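Written out below as structure tokens is the structure these notes cover.
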Protein chains: 2
Amino acid sequence: MTIPTSRTLRADAQLNHDRILEAAAHAFARHGADTSLKAIAMNAGVGIGTLYRRFPTRDDLVEATYRNETARLCESAPALLAELSPHEAMRVWMEGFVDYILNKNGMTDALPAILASRDGLRAHSRDLLRDAIQALLDACIEDGALREGVPANDVMMALGGITLIAEHESERELASRLIDLLLAGLVLT
Amino acid sequence: MTIPTSRTLRADAQLNHDRILEAAAHAFARHGADTSLKAIAMNAGVGIGTLYRRFPTRDDLVEATYRNETARLCESAPALLAELSPHEAMRVWMEGFVDYILNKNGMTDALPAILASRDGLRAHSRDLLRDAIQALLDACIEDGALREGVPANDVMMALGGITLIAEHESERELASRLIDLLLAGLVLT
DNA sequence: CTTGCAATCGGAGCCGCCTCCGCTTATAGT
DNA sequence: ACTATAAGCGGAGGCGGCTCCGATTGCAAG
């Protein structure tokens, strides 16, 4: 007998899982961050209970919905490093990060939970982001553009803070100024 | 005839106003940030409608509840400047700000709304905070410890972002490291 | 094909948020 | 004191979040 690993979803469960994500992506895009989860469940053809079992919190659902696009953003870091100076690549990537978060409905609400996740579902996106920042940071340090000693994790958190505050100010320019400030704090003294 | 200025509350309304704030302070302290507003209204001996008319959002209520203590924090800036070097005073005040926000239940949730308020009720605390930071910043600039050209408003937002992210990480040390990073970005080049 | 059960489903139900509007009352002017 | 009226009151009701657990069903072994 094959031991059904707990990682394998039953076929019907997998189908529901996919349908929920599809419905969620559609709902967030069309109706904004405050879409009712009940509506998403209904559109996916499942009960609200099923949605909550699979995604215990709204943040979990948001993270899963955007996971692929988050991965794409992170994968863009090496390309930027190939084209630009490390310092410039870092700045451009950070600007891209802010734009990405601000443009995905629901993402700013989930961002704190994603960055804070120590493990579990949401940690996936967090790890991708930190690795991308680490790569950019390493290139900058090797290039002599930025100083050592600041953990990539701290830079990620700073960027997260900038994004959160910019969201509430709805003033995109503020984020750019704060990114400049952050980079100024990272240069070699 | 005296024109009843729209700023003057009717006597009974003033009483209710005070009772609501008293109940809110008690409830936030005792039951945390998620206290039900209905319970606050009940404890204050008013209907839920009265609470909402006076404080249209939860954030408004939080701001009003802590307004006096926020003012006290802001008033501490001149005293710090009298005792310490401007740069050190700035750092100590920022640490105090973070501790203050993190220790007041409900305050982190309301912080974005307070900082973002352009006018209206909540703007009061925001103005106090910005003025305090402006004073500290001016002293640092005159002292040659920090550079010019960064608006006090931006520094306030950066500090707000740091506080928000530290809250979700529940790692107080992170805030201190990010404050150092912020100050490093503000020094004369 | 049948069967047993672990995995999965799903919605009723409770709770808190917030709005809306008919009822009540403090107060200024006479 | 009396009264008109603006100011204030308050809770019913509609909505969404989330939980809980009895009903259902995919799946694999025989």
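Predicted, not measured: the structure shown is a model, and the values here were computed from it.
For B:Arg54, the salt bridge (charged side-chain N to carboxylate O under 4.0 Å, His left out) test picks out no residue, with sequence neighbours left out. In this structure, A:Glu22 has no salt bridge (charged side-chain N to carboxylate O under 4.0 Å, His left out) partners at least two apart in sequence or on a different chain. Evaluation of the side-chain hydrogen bond (donor to acceptor under 3.5 Å, both in side chains) rule for B:Arg130 yields B:Asp127 as partners, not counting sequence neighbours. Legend: residues meeting salt bridge (charged side-chain N to carboxylate O under 4.0 Å, His left out) with B:Asp131, ordered by chain and number and at least two apart, are absent. With sequence neighbours excluded, the residues forming a side-chain hydrogen bond (donor to acceptor under 3.5 Å, both in side chains) with A:Asp99 are A:Arg172, listed by chain and number. Residues passing the side-chain hydrogen bond (donor to acceptor under 3.5 Å, both in side chains) test with B:His17, sequence neighbours excluded: none. With sequence neighbours excluded, no residue forms a side-chain hydrogen bond (donor to acceptor under 3.5 Å, both in side chains) with A:Thr35.
Here C:dC9 presents its C1' atom at 15 Å from CE of A:Met42, a figure rounded to the nearest Å. The CZ-C1' distance, from B:Phe55 to D:dG10, rounds to 16 Å in whole Å. In this structure, B:Gln14 places its CD atom 16 Å from P of D:dA7, rounding to the nearest Å. Rounding to whole angstrom units, CD1 of residue B:Ile40 and P of D:dG10 are separated by 16 Å. For the pair A:Asp59 CG and D:dG17 C1', the interatomic distance rounds to 13 Å; values are reported in whole Å. Rounded to an integer number of Å, the gap from A:Asp60 CG to D:dG17 P is 15 Å.
In this structure, A:Thr50 does not reach the C:dT8 phosphate: none of its side-chain N or O atoms is under 4.0 Å from OP1 or OP2.
Proximity of residues 15-33 of chain A to DNA chain C (heavy atom under 4.0 angstrom from any strand atom) is restricted to A:Asn16.
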Assign a letter to each nucleotide of nucleotides 14-27 of chain C from its 5' end: B, base within under 4.0 Å of a protein heavy atom; S, sugar-phosphate only; -, no contact. --SSBB-----BSS

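Between the CE atom of A:Met90 and the CG atom of A:Leu159 there is a distance of 9.0 Å, given to the nearest 0.5 Å.
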